[in-house]
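Convention: sequence-line order gives letters A, B, ...; per-chain numbering from 1.
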Number of protein chains: 2
Amino acid sequence: MWERGAVIRVLIADDQALVRGAMAALLGLEVDIEVVAEVGTGTDVVPTARAVQPDVALLDVQMPGMDGLAAAAELRDAVPTCRVLICTTFGRPGYLSRAMAAGAAGFVVKDAPPEQLVEAVRRVHSGLRVVDPALAAESLASGASPLTDRELEVLRTARDGGTVADVAKVLHLSEGTVRNHLSSAIGKTGARTRAEAVRLAETRGWL
Amino acid sequence: MWERGAVIRVLIADDQALVRGAMAALLGLEVDIEVVAEVGTGTDVVPTARAVQPDVALLDVQMPGMDGLAAAAELRDAVPTCRVLICTTFGRPGYLSRAMAAGAAGFVVKDAPPEQLVEAVRRVHSGLRVVDPALAAESLASGASPLTDRELEVLRTARDGGTVADVAKVLHLSEGTVRNHLSSAIGKTGARTRAEAVRLAETRGWL
DNA sequence: ACCTCGCCATGACAGGTGTCATGGCGAGGT
DNA sequence: ACCTCGCCATGACACCTGTCATGGCGAGGT
């Protein structure tokens, strides 16, 4: 009971229990950091954060239910005192910009050395922003997604390899319209095939 | 210097430094486990293991250079006293069977709770096999890959969304032959599109 | 020797795909 | 009011794809 207020209270959200526990163990080694909550889905983030009032929320991007980016946006409104640190497997340019738009204070990739994570937690807690410079440059270079909402939706639906007719049926559109959106998306991504467009949009974090 | 031989010496191989360090921290909390080496590529596994002679090697499947499955096979010959525990993100049926064929003693997915990992390390070290029962059942149900080497190669090449002509050029084959292999792969996977066949083969661990 | 099976190839055909021109509708900006 | 832009749709056209029949070659099993 004698932590004199200098301890950083952290919430960890990651869908993989093993990674979640391991990160908790890693952060727990630091004397000035305490892991006060662990959740495995995006939908659990806000309720839990409301209950335990953490100083920093460490959110993975890909989670079942709600992704880390959406959770970050909701968390910003629900618990304004809690600063958000996004931690993800893929350093996709689009993720960074979307994370910043969602009010995140920091962004670290899982390729980074462990010390960098604990440093990021401390810096975020003290009000600084944490961004990988290389990723920031890449993000600025590739820019924001030029795809419209509908194009993204069509691309997402076509992702699992269905035919145009399937996509049209799912989205309640004409086949011709689907083909138009796909054609437009292919042109904007610089791809030459629907599958390639999906792949490119994914690696750029536009999905 | 007074660990009296009861300590389990572990090597960790994972391409993500953060996860690697976190897992090391997690295992390091246990008094009977000591992490003696960390590597980030598949090619570093065997040389490092030869040098430090670990009791257990904890290998991720997807790594740059050489994947964990191939590393496991080489490790079995190079350091027979070291038992292999495969630890991966995806619980794909094909991974399990290939891991067992490569001489692995255990297989855990990263969805599992942290205690399960440390338990797996102990069991593997004591000579037992560790396999998730649900995954084992799924593995037996889906069976081994019905795809021939060439079909897999064509499917792999077609994965990034290239056209038939592209694949044919890369593999030095006729376009017709590529189409035949694709058609066969589509039939065997039960898919209706090339893209769907790629997706299904991937989720089953046949890739 | 025979058969089976994987591999490569060709040719043909139906159907799916990507592109383009054209048009209508509604929202937002000047 | 005007223009721009996203969205939906139709129709037409060239091209790509998936399927099938057919055949040749070499390896391995009986």
### Message
Among B:Val124, B:Leu117, B:Val35, B:Leu11, exactly one meets side chain to side chain contact (heavy atoms under 4.5 Å, CB included) together with B:Leu58. Which residue is that?
### Response
B:Leu117
### Query
Taking a pair as Watson-Crick (N1 to N3 plus N6-O4 or O6-N4) or G-U wobble (N1-O2 and O6-N3), both under 3.5 Å, which stems of 3 or more consecutive pairs involve DNA chain C?
C:1-30 with D:1-30
Base, sugar-phosphate alone, or nothing: which one does [X] contact when heavy atoms must sit under 4.0 Å apart?
X	result
B:Thr148	sugar-phosphate
B:Thr163	sugar-phosphate
A:Asp149	sugar-phosphate

### Within 45° cone and under 6.0 Å: B:Arg92 NZ/CZ vs B:Phe90 ring
yes
### Task
Output yes when at least one side-chain N/O atom of A:Arg179 is less than 4.0 Å from OP1 or OP2 of C:dT19, else no.
no
### Task
Check whether any side-chain nitrogen or oxygen of A:Arg192 sits under 4.0 Å from OP1 or OP2 of C:dG18, and answer yes or no.
no
### Task
Start with the C-alpha distance between A:Gln53 and A:Thr81, add both sets of side-chain angles, then the distance that settles side chain to side chain contact (heavy atoms under 4.5 Å, CB included), and finish with yes or no.
CA-CA 8 Å; A:Gln53 296 285 324; A:Thr81 59; 3.8 Å; yes
### Task
Find the distance A:Ile186:CD1 to C:dG16:C1' and express it as a whole number of Å.
13 Å
### Task
Under 4.0 Å from any heavy atom of chain B: name the first and the last nucleotide of DNA chain D that qualifies, 5' to 3'.
D:dT17 to D:dC20
### Message
Distance alone, cut at 3.5 Å: any donor-acceptor contact between the side chains of A:Thr41 and A:Asp44?
### Response
yes
